[in-house]
Amino acid sequence: HVQLVESGGGSVQAGESLRLSCKPSGWTDHMGWFRQAPGKEREGVARIDIDEGRTYYSDSVKGRFAISRDNAKNTAKNTVYLQMNSLKPEDTAMYYCAASRGYLAPQTPISSTDFPFWGQGTQVTVS
């Protein structure tokens, strides 16, 4: 089992930036960021494959958000970040970090069913 601890949420004005962090308690192969606004379905916004560093984004955030890892050597306990730029009011949501182990095919959309481990979430509010 992997525990995930998120941090970095907050309230900002439209056009500003935030960076979210997610630290896993154990090794992971893939990590993702999802968000859920009140009354809406959970949406996958970014995914990173830890070894290869491949990244994937939803169309709604492509070009504004960037997912990265700290590339720690000899360990897959990489902290993962979500840099969010040019934030819009429609980005307001609870953001969740998620992780998985094992093979995951390169694909979009970023699906919550591919990730068994989840953090508690961090709120992002853009006004």
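For the single chain, residues carry numbers from 1 onward in sequence order. Keep in mind that this is a model prediction, so the values were computed, not measured.
For the pair Glu6/Gln120, a side-chain contact is recorded, criterion being any heavy-atom separation below 4.5 Å from C-beta on.
Closest non-hydrogen pair, Arg101 versus His1, comes out as NH1-N, 4.3 Å. Summarising the geometry of Ala66 relative to Tyr57, their closest heavy-atom pair is CA-OH, 3.3 Å, with the distance given to 0.1 Å. Closest of all the heavy-atom pairs between Pro24 and Val2 is CB-CG1, 3.9 Å. The two atoms that bring Gly121 and Met94 nearest to each other are C-SD, 3.7 Å, heavy atoms only. The nearest pair of heavy atoms linking Ala98 to Phe34 is CB-CE1, 3.9 Å.
The ring-ring contact (aromatic ring centres under 6.0 Å, His included) contacts involving residues 83-102 comprise nothing, where partners must be two or more places apart or lie in separate chains. Pairs engaging residues 7-22 under the side chain to side chain donor-acceptor pair (under 3.5 Å) rule: Ser17-Asn85 [sequence neighbours left out].
Counting non-hydrogen atoms of neighbouring residues, nucleotides and ligands closer than 6.0 angstrom, the CD atom of Glu52 exceeds 12 such neighbours. Atom CD of Gln123 has more than 12 neighbouring heavy atoms from other residues, nucleotides or ligands inside a 6.0 Å radius.
In this structure, the side chain to side chain contact (heavy atoms under 4.5 Å, CB included) partners of Ser100, at least two apart in sequence or on a different chain, are His30, Leu104, Phe115, Pro116.
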| Verdict with supporting geometry, Met31 and Leu4, side chain to side chain contact (heavy atoms under 4.5 Å, CB included) | CA-CA 10 Å; Met31 293 182 72; Leu4 302 170; 4.0 Å; yes

| task | Show the numbers, then the answer: is there a salt bridge (charged side-chain N to carboxylate O under 4.0 Å, His left out) between Asp91 and Lys88? | result | CA-CA 5 Å; Asp91 295 317; Lys88 305 174 181 180; over 6 Å; no

| request: Applying side chain to side chain contact (heavy atoms under 4.5 Å, CB included), run through Ser58 and Phe65 and close with a yes or a no. | output: CA-CA 10 Å; Ser58 66; Phe65 290 13; over 6 Å; no

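Of the residues listed (Ile67, Thr28, Leu20), the one engaging Val80 in a side-chain contact (heavy atoms from CB on, under 4.5 Å) is Ile67, and it is the only one. Each of Val61, Val45, Ile48, Ile110 was evaluated against Trp33; a single residue qualifies, Val45, per the side-chain contact (heavy atoms from CB on, under 4.5 Å) test.
A donor-acceptor contact shorter than 3.5 Å links the side chain of Arg64 to the backbone of Ser60. Looking only at distances, no side-chain donor or acceptor of Glu43 sits under 3.5 Å from a matching main-chain atom of Gln36. Looking only at distances, a side-chain donor or acceptor of Thr92 sits under 3.5 Å from a matching main-chain atom of Val126. At distances below 3.5 Å, at least one donor-acceptor pair connects side-chain atoms of Arg69 with backbone N or O atoms of Ile50.
Residues Asp29 and Tyr103 have side chains that never bring a donor and an acceptor to within less than 3.5 angstrom of each other.
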